Chemist: 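Next up is a structure, given as structure tokens.
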Amino acid sequence: MNEKIWLSSPHMGDNEFNFVKEAFDTNWIAPLGPNVDGFERDLAVYLGEDVHVAALSSGTAALHLALIILGVQAGDEVICQTMTFSASANPIAYQGATPVFVDSEAQTWNMSPRYLEAAILDRIENGKKPKAIIVVHLYGMPAQMDRIMEIADKYGIPVVEDAAEALGSSYKGRKLGTFGAMSILSFNGNKIITTSGGGALVSKNEEWIKKSRFLATQARDAAPHYQHSEIGYNYRMSNICAGIGRGQMEVLEQRVAKRRSNYEFYQEKLADFAPITFCKEPNKDYYSNRWLSTILVDSENGVDREALRLHLEKVNIESRPLWKPMHLQPVFEGTPFYGDGTSERLFETGLCLPSGSNLSDEDLEKVVAQMEQLLQTV
Ligand SMILES: *Cc1c(COP(=O)(O)O)cnc(C)c1O
């Protein structure tokens, strides 16, 4: 069997191991140390906008702390994009709050500003103003941030930006992860850069970032003994993982360039196949890191998304349906939803193609050749 072509696998540069080795040599094998500080600095400089950054154990942990710091409590409601990975919504449940899911719009596949406002108005009429809005930049594509921020500001609701998939993307020249009152990043193994596992909380509000570091290290009060006035968490990033992150920051721009070129390759090669469409950048304001190259497959002559996925699987090529919307997940059954079914249609026809920055030209040619083979029968 040919070697497997993965959807998105880790891709180390030249320096990650040196940072990790330095941690070993100096015995900084702990959830603090020079690499943690250095990685936070690198991220803050890269993102710009005078943000502060806390390096954490995962993107999920970052979202959880963001909601805690915004005061989300049991019984509250939090608006969340329905089309996303479950980790965007789970922290709402950790707090005993209820998610209110909002549909996608067809241009960016992200939160529909129209249904966002409809949801806010209806929840207020129901007697509860949502405590926060979680907007996601799926597959690296920026959401319609001007309109979303405008609506959030109009009703005075803080935005938490889930930029887990969008490090390196920008909107109107400003990096994603700098728009929200708080934003989160992920460095899980499949993301555009990885620390093997990890995440970060980003905000212009330095007090909030300090608070997140405090909560992430078991909420220890200033005392010689262990004294606690608040419930804490063990959410800090280790100095080993942060060393990998420092090395990865050196190659981030290369990773973005390669992923964008993967996307352009697919778009060019598959342009003649009518059933296949791409999620294009709507205009120059939108710059996607193209974390994953995604397509929609119109069903024709028995060839649909699932037929294509299975065809690729048979020749050891990994592809994957788009995220299944949260309002359709059994675990969130019965939660409020505002929309017109756009995300459901995207889920039914959408496919993520192999998109790693370590794919060779040969790998990409092979994926396209296999797709052409099936599509030519249509
Ligand atoms: C990966 C991801 C997360 C969670 O990040 P982890 O570091 O895996 O906890 C959250 N939201 C989205 C959209 C993601 O893709």
Side-chain angles (χ1 to χ4, degrees), residues 7-10 31 39 43 53-68 78-95 99 101-102 104 108-111 132-143 145 148 159-169 176-177 179-180 182-202 212 216 233-238 241-242 244-245 248 255 259 279 288-294 320-327 329 331-332 343 346-347 350 352 355-356:
L7 192 74
S8 178
S9 66
F39 187 41
L43 284 165
V53 176
L56 301 170
S57 55
S58 71
T60 312
L63 255 172
H64 190 195
L65 293 181
L67 297 183
I68 292 168
V78 174
I79 290 181
C80 182
Q81 183 165 322
T82 190
M83 182 98 186
T84 188
F85 177 46
S86 64
S88 303
N90 283 339
I92 302 169
Y94 299 166
Q95 285 305 96
F101 292 117
V102 169
S104 296
T108 72
W109 302 359
N110 292 310
M111 185 180 275
I133 299 166
I134 301 174
V135 59
V136 190
H137 308 292
L138 281 186
Y139 309 116
M141 179 63 75
M145 287 314 283
I148 286 166
V159 167
V160 177
E161 213 190 335
D162 181 343
E165 303 177 0
L167 181 60
S169 299
L176 298 187
F179 287 84
M182 278 189 263
S183 306
I184 71 108
L185 301 169
S186 168
F187 310 108
N188 198 15
N190 58 353
K191 299 287 155 69
I192 191 151
I193 60 168
T194 181
T195 59
S196 77
L201 185 65
V202 180
S212 76
Y233 301 85
N234 185 2
Y235 278 174
R236 202 71 162 116
M237 180 180 280
S238 93
C241 294
I244 304 174
Q248 289 270 277
R255 300 296 182 258
R259 293 212 183 222
C279 185
S288 171
N289 67 6
R290 294 292 182 193
W291 171 56
L292 296 185
S293 288
T294 53
R320 189 183 296 161
L322 301 189
W323 299 123
K324 179 173 179 174
M326 289 303 116
H327 73 281
Q329 299 284 358
V331 71
F332 291 121
S343 59
L346 291 169
F347 168 62
C352 305
S355 304

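Treat the numbers as computed from the prediction; the structure is a model and nothing was measured. One-based numbering, in listed order, for ligands and for the atoms of each.
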Chemist: Atoms of ligand 1 less than 4.0 Å from Asn188 heavy atoms?
Modeler: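 Per the distance check, 8 (O).
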Chemist: Is there at least one pair of N or O atoms, one from Phe187 and one from ligand 1, spaced under 3.5 Å apart?
Modeler: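 No, since none of the N or O atoms of Phe187 sits under 3.5 Å from an N or O of ligand 1.
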Chemist: Parallel, tilted or perpendicular: which describes the rings of Trp323 and Trp291, with under 30° parallel and over 60° perpendicular?
Modeler: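 Taking Trp291 first and then Trp323, their aromatic rings lie parallel (interplane angle under 30°).
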Chemist: Can you list the atoms of ligand 1 that are under 4.0 Å from a heavy atom of Val136?
Modeler: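 Those of ligand 1 that fall under 4.0 Å from Val136 are 13 (C).
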Chemist: Should you measure from each heavy atom of Ser58, which atoms of ligand 1 turn up under 4.0 Å away?
Modeler: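 Near Ser58, meaning under 4.0 Å from one of its heavy atoms, ligand 1 has 7 (O), 9 (O).
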Chemist: If I compare all heavy atoms of Thr194 with all of Ser196, which pair ends up nearest, and what's the gap?
Modeler: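 Smallest interatomic distance, heavy atoms only, reads OG1-N, 2.9 Å.
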Chemist: Would you compute the distance between atom CG of Asn289 and atom CD1 of Ile192 and round it to the nearest 0.5 angstrom?
Modeler: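 Here the rounded value is 4.0 Å.
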Chemist: Going by atom types only, do Ser169 and Arg290 share a side-chain donor-acceptor pair under 3.5 Å?
Modeler: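 On atom types as modelled, these side chains do not qualify, holding no pair under 3.5 Å.
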Chemist: Looking only at protein heavy atoms, which one is nearest to atom 2 (C) of ligand 1, and what is the separation?
Modeler: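 Among all protein heavy atoms, the one nearest atom 2 (C) of ligand 1 is Lys191 NZ, 2.7 Å.
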Chemist: Check each of Gly197, Ala164, Ser186 against atom 5 (O) of ligand 1 and report the one with the nearest heavy atom.
Modeler: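 Among Gly197, Ala164, Ser186, the closest heavy atom to atom 5 (O) of ligand 1 comes from Ser186.
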Chemist: Among all protein heavy atoms in this structure, tell me which lies nearest to atom 15 (O) of ligand 1, with the distance rounded to 0.1 Å.
Modeler: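 Checked against all protein heavy atoms, atom 15 (O) of ligand 1 sits closest to Glu165 OE2, 2.6 Å.
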Chemist: As an exercise, identify every atom of ligand 1 less than 4.0 angstrom from a heavy atom of Gly198.
Modeler: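 What qualifies from ligand 1 is 7 (O).
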Chemist: Can you sort out which atoms of ligand 1 are near Gly59, meaning under 4.0 Å from one of its heavy atoms?
Modeler: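 Once the distances to Gly59 are compared, the set is 5 (O), 6 (P), 7 (O), 9 (O).
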Chemist: Does ligand 1 have a heavy atom under 4.0 Å from the side chain of Thr84, from its backbone, from both, or from neither?
Modeler: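 The answer is the side chain.
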Chemist: Ring centroids only, cut at 6.0 angstrom: are His64 and Tyr233 within range, meaning strictly under it?
Modeler: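 Close enough - the centres of the two rings lie under 6.0 Å apart.
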Chemist: To the nearest 0.5 Å, tell me how far Arg320 CZ sits from Ser355 OG.
Modeler: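 Arg320 CZ to Ser355 OG: 10.0 Å, rounded to 0.5 Å.
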Chemist: Write out the residue and atom name of the closest protein heavy atom to atom 9 (O) of ligand 1, then the distance separating them to 0.1 Å.
Modeler: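 Nearest neighbour among protein heavy atoms for atom 9 (O) of ligand 1, to 0.1 Å: Thr60 OG1, 2.5 Å.
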Chemist: Please list, in number order, the atoms of ligand 1 under 4.0 Å from a heavy atom of Ala87.
Modeler: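 So the atoms of ligand 1 that pass are 3 (C), 4 (C), 10 (C).
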Chemist: With atoms numbered from 1 as shown, which atoms in ligand 1 lie under 4.0 angstrom from a non-hydrogen atom of Ser88?
Modeler: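 Within the 4.0 Å cut-off of Ser88, ligand 1 contributes 11 (N), 13 (C).
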Chemist: What residue and atom, counting heavy atoms only, is the protein's closest point to atom 11 (N) of ligand 1, and at what distance?
Modeler: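 That would be Asp162 OD2, 2.7 Å.
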Chemist: Does a side-chain heavy-atom distance below 4.5 Å link Val102 with Gln81?
Modeler: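 No, their side chains stay 4.5 Å or more apart.
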Chemist: Which residue is it: Met141, His137, Glu165, Arg259? I am looking for the one with a side-chain contact (heavy atoms from CB on, under 4.5 Å) to Ser288.
Modeler: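 Checked Met141, His137, Glu165, Arg259 against Ser288; only one passes side-chain contact (heavy atoms from CB on, under 4.5 Å): Met141.
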Chemist: Is the closest side-chain donor-acceptor distance between Ser88 and Asp162 under 3.5 Å?
Modeler: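 Yes.
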